[in-house]
Number of protein chains: 2
Amino acid sequence: MARSIVDTAADKLRAQGLRMTAQRRLVLEILEAANSHLDAEMLHQHARERDQSISLATVYRTLNLLHRAGIIEQRFLDQDHSRGYYEIHDESEHFHFTCLTCGKVIEFETDLVAQIRAELLEKYGVIVENTRIHFEGRCTRHPDCPQ
Amino acid sequence: MARSIVDTAADKLRAQGLRMTAQRRLVLEILEAANSHLDAEMLHQHARERDQSISLATVYRTLNLLHRAGIIEQRFLDQDHSRGYYEIHDESEHFHFTCLTCGKVIEFETDLVAQIRAELLEKYGVIVENTRIHFEGRCTRHPDCPQ
DNA sequence: TCCGAATTGCAAATAGATTTTCGTTTTGCC
DNA sequence: GGCAAAACGAAAATCTATTTGCAATTCGGA
């Protein structure tokens, strides 16, 4: 069975002479539990619920570290392009829809994106290395969404 | 036949008691001629080739104005999320591919995106109002790209 | 041509997420 | 346990795209 994200991360860090600390574990656990993207500030808030003394600087340092190590992903949204949002790096490619009313994030997969990339290769001879897709809109049948 | 972008813009501005000035015309003409996105700095450089004295502040003010008026679009790229890029507002929906080697931008259309939105509606009952798609990668057969 | 409002250039100010400094505290290895 | 390197907290610094204050200029309608 798959090893925990924290364990995997610990190994990756150790391989570079870095350490798995309580703060890094905390950040990873929060990211793992979250089913949406968090920015540094939100992460810091959540983290303080479990460790009063964790600093925002440490959250930033941790996010940079984990991002460089390929353990988490960083993305920027149009709604708020000035700050980074983070999530656990996921092997299987997925995309996001955000409800503008209730803020809920839906993660979904589709092979239509692969078809778009195939079209790009065929028509323009370009190879896509990086795909950035984000939809925004409204829930219509979600009970928690005030419509 | 379609009226020129500058004329259309002039009307929209006049309707709000605003003026079409030489600087605004210049910015629009540069955006119209450019086949890729420009940021404020690049736009300013180009503009100075035709009007030595145009200021960067005016470029920013003009971009804001035209954006608010719906005449141009503003977008943020992953490669450089910290600055805005601008292009003439286009009725037909299109998407972008950027070559990470040569920086060239390809604009393309595809109906596969509409299919993705249809899938989202069917599977999750959500209505997409806002679509953000951007691909990055490499040219393979473009003569100007150093591969 | 005249006038008030809109616009511009210049330079200085802003803003706010992220980074760094520094002294102190942990961590992993022996 | 003990040590050197790594990491931390707090607060100050940074960075730089964008905005703004102000005096001068321009615009368009009357």
Side-chain angles (χ1 to χ4, degrees), chain A residues 6-7 9-28 30 37-45 47-69 71-72 74-86, chain B residues 6-7 9-28 30 37-45 47-69 71-72 74-86:
Chain A
V6 172
D7 286 349
D11 286 351
K12 285 197 187 177
L13 294 181
R14 209 167 303 140
Q16 300 174 58
L18 304 174
R19 298 165 183 172
M20 175 56 68
T21 66
Q23 290 91 341
R24 289 174 186 174
R25 194 175 333 232
L26 187 47
V27 166
L28 279 169
I30 290 168
H37 313 134
L38 299 175
D39 63 28
E41 197 78 49
M42 290 156 68
L43 237 139
H44 183 223
Q45 306 260 320
R48 291 196 65 167
E49 290 170 11
R50 283 216 264 152
D51 173 358
Q52 266 296 322
S53 69
I54 189 172
S55 74
L56 183 56
T58 292
V59 171
Y60 274 108
R61 279 187 284 233
T62 301
L63 289 172
N64 283 339
L65 193 77
L66 297 176
H67 182 228
R68 260 182 272 127
I71 296 164
I72 64 175
Q74 179 185 48
R75 49 180 34 131
F76 296 89
L77 310 180
D78 251 5
Q79 333 150 253
D80 189 0
H81 59 277
S82 65
R83 84 187 65 211
Y85 286 82
Y86 299 86
Chain B
V6 172
D7 287 347
D11 287 350
K12 286 197 189 179
L13 293 181
R14 210 166 303 140
Q16 300 175 58
L18 304 174
R19 299 168 184 168
M20 175 54 69
T21 65
Q23 291 90 340
R24 289 173 187 175
R25 197 178 331 251
L26 188 47
V27 166
L28 278 169
I30 290 168
H37 313 132
L38 299 176
D39 63 29
E41 196 78 48
M42 290 156 71
L43 237 136
H44 183 223
Q45 306 261 319
R48 292 197 66 166
E49 291 171 10
R50 283 217 263 152
D51 173 359
Q52 266 296 321
S53 69
I54 190 172
S55 73
L56 182 56
T58 291
V59 171
Y60 273 107
R61 279 187 283 232
T62 300
L63 290 172
N64 282 340
L65 193 77
L66 298 175
H67 182 228
R68 261 183 270 127
I71 297 164
I72 64 174
Q74 179 186 48
R75 49 181 31 133
F76 296 90
L77 310 181
D78 249 6
Q79 334 150 252
D80 188 0
H81 60 277
S82 66
R83 84 187 65 210
Y85 286 82
Y86 298 86

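Note: hydrogens, waters and symmetry copies are ignored here, and every other heavy atom, side chains too, is used. Quick note on labels: first sequence line is chain A, next is B, and so on, each numbered from 1.
- Chain B approaches DNA chain D within less than 4.0 angstrom (heavy atoms of the protein), and the contacting nucleotides run 5' to 3' from D:dA17 to D:dC27.
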Would you tabulate the side-chain donor-acceptor contacts of residues 11-21 of chain A under 3.5 Å, counting partners in other chains and residues two or more places apart, or write 'none'?
from  : atom 1 : to    : atom 2 : distance (Å)
A:D11 : OD2    : A:R3  : NH1    : 3.0
A:D11 : OD2    : A:R3  : NH2    : 3.1
A:Q16 : NE2    : A:K12 : O      : 3.4
A:T21 : OG1    : A:R24 : N      : 3.2

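- Under a 3.5 Å cut-off, the side chain of B:T62 and the backbone N or O of B:T58 do form a donor-acceptor pair.
- Taking atom CG of residue A:L63 and atom C1' of nucleotide C:dT18, one finds them 11 Å apart after rounding to whole Å.
- Side-chain nitrogen and oxygen atoms of A:N64 include none within less than 4.0 Å of the OP1 or OP2 phosphate oxygen of C:dT18.
- Once rounded to the nearest 0.5 Å, the distance linking CG of A:L77 with CZ of A:R83 reads 10.0 Å.
- The shortest distance between side-chain heavy atoms of B:N64 and B:R68 falls below 4.5 Å.
- Between A:Y85 and A:H37, the ring-plane angle classifies as perpendicular under the 30° and 60° cut-offs.
- Spacing between atom CZ of B:R68 and atom P of C:dA6 amounts to 13 Å, rounded to whole angstrom units.
- Taking atom CD on A:Q16 and atom P on C:dG28, their separation rounds to 15 Å, with Å as the unit.
- One atom, CZ of A:R14, and another, C1' of C:dC29, lie 12 Å apart when rounded to the nearest Å.
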May I have the step-by-step check of side chain to side chain contact (heavy atoms under 4.5 Å, CB included) for B:L28 and B:I71, ending in yes or no? CA-CA 9 Å; B:L28 278 169; B:I71 297 164; 3.9 Å; yes
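- Remark: P of C:dG16 and CG of A:D80 are 11 Å apart, rounded to the nearest angstrom.
- Straight-line distance from the CE atom of A:M42 to the P atom of C:dT18: 13 Å, rounded to whole Å.
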Could you run down nucleotides 7-14 of chain C 5' to 3' and tag each one B, S or - for protein heavy-atom contact under 4.0 Å? SBBBB---
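- One finds the CZ atom of A:R48 at 12.0 Å from the CG atom of A:L26 (value rounded to the nearest 0.5 Å).
- At least one donor-acceptor pair under 3.5 Å links the side chain of B:H44 to the backbone N or O of B:I54.
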